[in-house]
There are 2 protein chains.
Amino acid sequence: MGTERREPELDELRAWAEQVATYFMRLSGWPPITGRALGWLMVCEPREQSAAGIAEAIRASRASLTSTLRVLTSSNLVQAVTRPGERTTYYRIADDAWARVMRQRFAGLSEFLEITRQGMALLPDDPERSARVRAANEAFRWLSEEVEPMFEQWDAEHRR
Amino acid sequence: MGTERREPELDELRAWAEQVATYFMRLSGWPPITGRALGWLMVCEPREQSAAGIAEAIRASRASLTSTLRVLTSSNLVQAVTRPGERTTYYRIADDAWARVMRQRFAGLSEFLEITRQGMALLPDDPERSARVRAANEAFRWLSEEVEPMFEQWDAEHRR
DNA sequence: TGGCAATTACAGCACCTACTGAAATTGGTG
DNA sequence: CACCAATTTCAGTAGGTGCTGTAATTGCCA
């Protein structure tokens, strides 16, 4: 009597991927299907799945997976792989997907810095008002300056 | 011939607040009006404005400002102030509004940590699959552990 | 208690976006 | 070149959300 290897139910995995989807929906404003696909690719077996396979697993149409997978691959969260002798493209979650997800959440800080700069320029003669704008500028500048070396350290620790 | 103090055009300020709104719309998924109101409160004169005043400035209805200002005050980005002898409530941007905005962008990390924990529990017998989930768990744990002391330092530097 | 200014609740409208199904396209194979 | 599986495009639809106008409510004052 060997140890039983319990294979998780398909529905359990689906439900888990749905949790991932819900999280990124609320936190990052992702469309539901995007989070479902990514969540599925985290726990599926085998690791590499065809678009059709993903579609069936997360109960979405193949058509919608075309655009979803394009977004995921072009942002490098998912890699498309092909095999000689097969027409099908397979997809797998990228090893550095999560570092990229985290970085995306910080992208655009400098855009706001530029907006606040323009705001201060609008109010050259009014110290109190421009101070309100400057407070925002300084807070976001602090954040972007803190975050930059943080990710550099991540890279250093994870470069192979 | 004293120095002229140029008062910015109302439309200039409106346009600037609109830029703020656009930014938070795209980056944080805020409704347009929310960003408009916050942007307006950054550059308005006087600093404290009634709901009706804000509504007129950003060309929105008073009704919609009721809910918008409730969201902004309950998340402490905006403070409601009242004056003796006046019925009107006035609103001003909070001094620590930006620290709060930034913190909000990190809120919910632990929620995802819990989801990944459950995912690993779903796959006790499959090292490769659970490793995929663990990669996410470790990345987000790293982030939350980096971010915590970062904000503590901010608090220490800005506490009065 | 009645009156009035200010605020709020709520139903409806307009808009937008995710998603699907069907048709068109691609590209490898015999 | 013809065939066929796989993928993509695109128009249409369903669902959801922000916002407004109106009507109700609050609460201060005489």
Side-chain angles (χ1 to χ4, degrees), chain A residues 14 17-18 20-41 46 48-75 77-92, chain B residues 14 17-18 20-41 46 48-75 77-92:
Chain A
R14 260 203 270 260
E18 191 66 28
V20 174
T22 304
Y23 177 80
F24 283 103
M25 227 161 67
R26 295 196 328 150
L27 199 101
S28 307
W30 289 12
I33 282 197
T34 308
R36 282 183 198 123
L38 200 67
W40 176 252
L41 288 176
E48 299 179 349
Q49 303 259 319
S50 67
I54 300 171
E56 190 194 345
I58 66 174
R59 313 200 101 103
S61 71
R62 291 179 193 212
S64 62
L65 264 117
T66 293
S67 49
T68 298
L69 286 170
R70 182 166 40 215
V71 170
L72 285 173
T73 52
S74 69
S75 59
L77 304 185
V78 165
Q79 295 162 341
V81 300
T82 51
R83 301 172 187 166
E86 280 195 56
R87 312 178 177 184
T88 311
T89 303
Y90 294 88
Y91 299 91
R92 51 180 285 172
Chain B
R14 259 203 271 261
E18 192 65 28
V20 174
T22 303
Y23 178 80
F24 282 104
M25 226 159 68
R26 295 196 328 150
L27 199 101
S28 308
W30 289 11
I33 282 196
T34 307
R36 283 184 196 124
L38 199 66
W40 176 251
L41 288 175
E48 298 178 350
Q49 302 258 320
S50 67
I54 299 170
E56 190 194 344
I58 69 173
R59 314 201 100 103
S61 73
R62 288 181 192 213
S64 62
L65 264 113
T66 294
S67 49
T68 297
L69 287 170
R70 182 164 41 215
V71 169
L72 285 173
T73 51
S74 68
S75 58
L77 304 186
V78 165
Q79 293 162 342
V81 301
T82 50
R83 301 172 186 167
E86 280 193 56
R87 312 177 178 185
T88 310
T89 304
Y90 293 88
Y91 298 90
R92 51 181 285 173

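As the structure is a prediction and not an experimental result, all values here were calculated from the model. Just so it is clear: chains get the letters A, B, ... in the order the sequence lines come, proteins before strands, and each one is counted from 1.
- Among residue pairs with one or both ends in residues 48-60 of chain B, those qualifying as salt bridge (Lys or Arg N to Asp or Glu O under 4.0 Å) are B/E48-B/R83, B/E48-B/R92; sequence neighbours excluded.
- Counting only residues at least two apart or in different chains, salt bridge (Lys or Arg N to Asp or Glu O under 4.0 Å) contacts with residues 27-39 of chain A comprise A/E18-A/R36.
- Applying the salt bridge (charged side-chain N to carboxylate O under 4.0 Å, His left out) rule to A/R26 yields the partners B/E111; only residues at least two apart in sequence or on another chain are considered.
- Evaluation of the side chain to side chain contact (heavy atoms under 4.5 Å, CB included) rule for A/S67 yields A/R70 as partners, not counting sequence neighbours.
- To the nearest angstrom, P of C/dT8 lies 10 Å from CG of B/L65.
- By the salt bridge (charged side-chain N to carboxylate O under 4.0 Å, His left out) test, B/R62 pairs with no residue at all, sequence neighbours left out.
- Contact annotation: the side chain of B/T89 never approaches that of B/V81 to less than 4.5 Å [non-hydrogen atoms, C-beta and beyond].
- Scored by the side-chain hydrogen bond (donor to acceptor under 3.5 Å, both in side chains) test, A/R87 finds no partners at all (sequence neighbours excluded).
- Proximity of A/L38 to A/W30: side-chain heavy atoms (C-beta onward) are separated by under 4.5 Å at one or more points.
- Computed from coordinates, the B/L69 CG to C/dA6 P distance equals 16 Å when rounded to whole Å.
- Rounded to a whole Å, the CZ atom of A/R83 is 16 Å from the C1' atom of D/dA5.
- Separating the OH atom of A/Y90 from the C1' atom of D/dA6 is a distance of 11 Å, rounded to the nearest angstrom.
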Provide a list of protein-nucleic acid N or O atom pairs under 3.5 angstrom, restricted to nucleotides 9-14 of chain D.
from  : atom 1 : to    : atom 2 : distance (Å)
D/dT9 : OP2    : A/R70 : NH1    : 2.8
D/dT9 : OP2    : A/R70 : NH2    : 3.4

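- D/dT22 atom P lies 14 Å from atom CZ of B/R62, rounded to whole Å.
- By the side-chain hydrogen bond (donor to acceptor under 3.5 Å, both in side chains) test, B/S61 pairs with B/S64, sequence neighbours left out.
- As rounded to whole Å, 10 Å separates atom C1' of D/dG18 from atom CZ of B/R36.
- Near DNA chain D, meaning a heavy atom under 4.0 Å from it, residues 22-33 of chain A has no residue at all.
- Across all strands, A/A52 comes closer than 4.0 Å to no nucleic acid atom at all (heavy-atom distances).
- In this view, B/T34 satisfies the side-chain hydrogen bond (donor to acceptor under 3.5 Å, both in side chains) rule with no residue, not counting sequence neighbours.
- Note: CD1 (B/I54) to C1' (C/dA6) measures 14 Å, nearest angstrom.
- The interatomic distance linking A/R59 (CZ) with C/dA18 (C1') rounds to 19 Å, in whole Å.
- Contact annotation for B/T89: backbone-only contact, meaning every heavy-atom pair under 4.0 Å involves sugar-phosphate atoms and none involves a base.
- Across all strands shown, A/A51 has no heavy atoms under 4.0 Å from either base or sugar-phosphate atoms.
- Taking the side-chain hydrogen bond (donor to acceptor under 3.5 Å, both in side chains) definition, one finds that B/Y23 meets it with nothing, sequence neighbours left out.
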> What does nucleotides 25-30 of chain D look like as a protein-contact string, B for base, S for sugar-phosphate only, - for none, at under 4.0 angstrom between heavy atoms?
Replying inline: --BBS-
